[in-house]
Amino acid sequence: MLSGGTVELRALKYFVTVAEELHFGRAAERLNIVQPAVSHQIARLERDLGTRLFDRSPRHVRLTPAGERVLAAAQETLAAAARVRVVAGEPASHVRIGVAPGLTARLERAAQLLLDQDQPAQVSLVDLPVPARLAAVRGGELDLALVRGPVEPDGVRVVRAWSEPLLAVVSDEHPVAGRPVARPADLDRAALRLPARAEDPPWHDAVTSALHQAGRGSTGRSAGSVLTVLIEVGGGHGAWTLLTADQLTGFAARRVRALPLDPPLSIDGNIVASLRTPDVCVSSFVRALADTPEP
């Protein structure tokens, strides 16, 4: 039976890290300790619980059925301990956030709301490509990540936080450039240019899904990064793309024009959190990044 002291909470942290890595060496690197210390704590935890948590062999480490059950309880216990520290008035911990390009205004507003809280968090913003951003959350290097589009809740928590309208982006010479709105029916599907899916899989999937729902399947082609797409669109020849207003920040001189869509299409923004990130932290960022911030 666990005594409830600091050692046991540390053992739970070590156990969760090994369960996420399924490798004692990598877990030790993440915890910044030597591997024998991790092995010792896991062995002690198994003795205290009276059951094996991992099947070990020279080639693999796997959770046992008991280990899978304990993992869920351990994650809940560590999150509860973090909430207790917050409620007790301990200063909020350092929160590492992977950011999405073009969210400057929303991030500035969120940062101000967080700074105005009774227990402000120390925040570090990390600019990473989306695949690396999600991997960093799953690996524990980031506490939260901001992502446009759907994310599978595989080892992470996904919470919708905001929504952004998609705009049709065309060159100044495009036939619809002078109109107040752009209708998808007036845009050549073959001339659609989207950033490559490898650049941002959730965003790409969300946009193509929105087009299919609007009856305008995406029959264009991918063209690299957002900048590459805007250069091609600005060059004329009927090319067009779909982006949000925030994604266009800094590209005003690319000889392009952004038009609202009729009917409108939008894309959701999600907060992707590590399972170890306390609920109070996730909910604070959801409120801060929401379309209409809560008081």
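This one's a predicted model, so the numbers in the text were calculated from it and none came from an experiment. Positions are given from 1, in the same order as the sequence printed here.
Among all heavy-atom pairs drawn from P202 and V130, the shortest one is CD-CG1, 3.7 Å. Between L192 and T241 the shortest heavy-atom distance is CD1-CA, 4.0 Å. Closest approach of G149 to N270, counting heavy atoms only: O-ND2, 2.7 Å. Across all their heavy atoms, A258 and L167 have their closest contact at CB-CD1, 3.8 Å. Minimum heavy-atom separation, L242 to L261: CD2-CD1, 3.6 Å. Among all heavy-atom pairs drawn from L187 and A168, the shortest one is CD1-CB, 4.1 Å.
Linking ILVMFWY residues whenever their side-chain heavy atoms come closer than 4.5 Å, directly or via other members, leaves V169 and V181 in distinct clusters. In this structure, I33 is a member of the same hydrophobic cluster as V61, with clusters built from ILVMFWY side-chain heavy atoms closer than 4.5 Å.
Around atom CD of E68, more than 12 heavy atoms belonging to other residues, nucleotides or ligands sit under 6.0 Å away.
Between P180 and P260 the shortest side-chain heavy-atom distance does not fall below 4.5 Å. In this structure, V282 and R157 have side chains that are in contact, with non-hydrogen atoms separated by less than 4.5 Å. For the pair P264 and P165, the minimum side-chain heavy-atom distance is 4.5 Å or more. Residues L45 and L49 meet the side-chain proximity criterion, which asks for heavy atoms closer than 4.5 Å. In this structure, D205 and R197 have side chains that are in contact, with non-hydrogen atoms separated by less than 4.5 Å. Contact check for D186 versus R179: side-chain heavy atoms found under the 4.5 Å cut-off.
Comment: R160 engages D268 in a salt bridge, judged by a side-chain N to carboxylate O separation of less than 4.0 angstrom. Ion pairing between a basic and an acidic side chain is recognised when a charged N comes within 4.0 Å of a carboxylate O; E46 and R56 show such pairing.
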I'd like a table of donor-acceptor pairs (distance under 3.5 Å, sequence neighbours excluded) in which one partner is a side-chain atom from residues 134-147, with atom names and distances.
| residue | atom | partner | partner atom | Å |
| --- | --- | --- | --- | --- |
| R138 | NE | D154 | O | 2.7 |
| R138 | NH2 | E152 | O | 3.3 |
| D143 | OD1 | R96 | NH2 | 3.2 |
| D143 | OD2 | R96 | N | 2.7 |
| D143 | OD2 | R96 | NE | 3.0 |

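Interatomic distance, W203 CH2 to T208 OG1, rounded to the nearest 0.5 Å: 9.0 Å. In this structure, CD on Q41 lies 6.0 Å from CZ on R44, to the nearest 0.5 angstrom. To the nearest 0.5 Å, atoms CD (E199) and OG1 (T228) are separated by 7.5 Å. Rounding to the nearest 0.5 Å places CG of D246 at 9.0 Å from CG of L248. The distance from atom CD of Q247 to atom CG of L230, rounded to the nearest 0.5 Å, is 9.0 Å. Annotation: the span from D55 atom CG to L63 atom CG amounts to 9.0 Å, rounded to 0.5 Å.
Using modelled atom types, no side-chain atom of H174 and backbone atom of A177 make a donor-acceptor pair closer than 3.5 Å. Distance alone, capped at 3.5 Å, places no donor-acceptor pair between the R257 side chain and the V170 backbone. No side-chain donor-acceptor contact under 3.5 Å links S171 to the backbone of V256. Remark: side-chain polar atoms of R148 are not paired, donor with acceptor, to backbone N or O of G269 under 3.5 angstrom.
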task = Start with the C-alpha gap between I42 and F24, add the side-chain angles, then the distance that decides, and say whether side chain to side chain contact (heavy atoms under 4.5 Å, CB included) holds.
result = CA-CA 10 Å; I42 297 301; F24 279 76; 3.9 Å; yes

query = Hey, mind stepping through D200 and R133 against side chain to side chain contact (heavy atoms under 4.5 Å, CB included) and telling me if it holds?
reply = CA-CA 10 Å; D200 190 341; R133 200 181 308 158; 5.8 Å; no

task = I would like to know whether W240 and V176 meet side chain to side chain contact (heavy atoms under 4.5 Å, CB included); could you show each step before the answer?
result = CA-CA 10 Å; W240 61 284; V176 305; over 6 Å; no

task = Take V126 and I97, measure what side chain to side chain contact (heavy atoms under 4.5 Å, CB included) needs, and give me the verdict at the end.
result = CA-CA 6 Å; V126 182; I97 306 174; over 6 Å; no

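Under 3.5 Å, the side chains of S57 and H60 contain a donor-acceptor pair of N or O atoms.
Checked options V272, T277, L275; the residue passing with V156 is V272 (criterion: side-chain contact (heavy atoms from CB on, under 4.5 Å)).
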